[in-house]
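Below is one structure, written out as structure tokens, with a few remarks after it.
As the structure lists them, so they are numbered: ligands from 1, and atoms in each ligand from 1. Scope of the values below: all heavy atoms of this structure, side chains included, with no hydrogens, waters or symmetry mates. Just so we're clear, the structure is a prediction, and the values are computed from it rather than from any experiment.
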Amino acid sequence: MKRKANALLLESHLKTLRLPTMLAEYAAVVRQCADSDATYEAFLERLAELEVNARSAKATERRLKQAHFPVAKELSEFDFSAAPKLNKSKILELSRGEFIGQRANLVFLGAPGTGKTHLAIGLGRQACRLGYRVRFFTAAGLANLYREAWEGRQMLRFEASLRRLDAIVVDELGYVPMDKEAAEHLFGFFSQCYEQTSLVVTTNLPFAEWPTTFAGDERLTGALLDRLTHRVYIVDIEGDSYRLKSSMKAKQGNQSTTRRTTKKPD
Ligand code: ADP
Ligand code: MG
């Protein structure tokens, strides 16, 4: 009878303290600890650990959701043998997130289909797991959000929301040339992030061609590049298009389904 009253009181306390995992798990942990003659400290530690782990998993889920990645690409799914010029150990080093702590930037350069977005998302998801707040935008989407914020007089609020982030992915910079207004907004963005927020940029354009993207404005582009490349790791993927390769492989596979080729993809 007393035990039951104790349990009811304990459950009420755990609810008041908002410890849902301890509440859900304590009975099982009581049994395990009783069976293994664990100390009171070991019991409490095990229970607290479950709560801490559940909270941290939930926070990671929340960060992954708030990052708005368009697809859930992981570094573990990236086939490094298909990108032989890519420095795998550098990518793995970057996945430990130190560049974010240093507020350094990262630029993936390469032709369409070479895996730039995949790598940017994979690194971004890894950063979320490390506890960083990340947000994914396409360059065009970001320019649009700036325009909307400007028109709706929400600029301060929008920029404050960006300031809360540790890393921002700007995908597909240079795919679509921008008008003057969008270029100026993006210039404001790069200035704001300078030494405050890490940027992970993907682009198919060598830096020399960036002025064409930014409304033909060489001065603005120069200033923007100065900020972006002040502390930067540039990853030039330079390989062939993976999309093209896998569709070629599929075609070869259709022609000969039994023979497995050991030839390196070219
Ligand atoms: P990019 O952004 O450079 O245009 P993506 O990252 O969008 O290219 O890659 C195109 C598609 O090919 C995606 O589905 C991506 O997951 C896949 N892909 C590209 N490179 C690789 C790779 N080395 N290993 C596995 N998948 C890859
Ligand atoms: Mg891409």
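- Among Glu74, Lys73, Glu77, Lys116, the residue whose heavy atom lies closest to atom 14 (O) of ligand 1 is Lys73.
- Ring to ring, Phe136 and His68 are not that close: their centroids are 6.0 angstrom or more apart.
- Between Phe187 and Phe189, the distance separating the two ring centers is not shorter than 6.0 angstrom.
- For the pair Ala83 and ligand 1, the shortest N or O to N or O distance does not fall below 3.5 Å.
- Ion pairing of Glu11 with Lys15 is absent here, as no side-chain N (NZ or NE/NH1/NH2) approaches a carboxylate O to less than 4.0 Å.
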Q. When you look at Glu159 and Arg163, which way does the salt bridge (charged side-chain N to carboxylate O under 4.0 Å, His left out) test go after all the steps?
A. CA-CA 6 Å; Glu159 291 194 329; Arg163 263 196 296 277; 5.0 Å; no
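- Taking a cutoff of 4.0 Å between a charged side-chain nitrogen and a carboxylate oxygen, Glu77 and Lys73 do not qualify as a salt bridge.
- With 2.8 Å as the limit, Thr202 does not count as an N, O or S neighbour of the Mg ion (ligand 2).
- Taking a 4.0 Å cut-off on heavy atoms, Pro112 registers as neighbouring ligand 1.
- The atoms of ligand 1 that sit less than 4.0 Å from any heavy atom of His118 are 6 (O), 15 (C), 16 (O), 26 (N), 27 (C).
- Under a 4.0 angstrom heavy-atom cut-off, Thr202 registers as lying outside contact with ligand 1.
- Here Glu41 does not pair with Arg46 in a salt bridge; the nearest charged N to carboxylate O distance is not below 4.0 Å.
- When Ser81, Ala111, Gly113, Pro70 are checked for heavy-atom proximity to atom 4 (O) of ligand 1, Gly113 turns out nearest.
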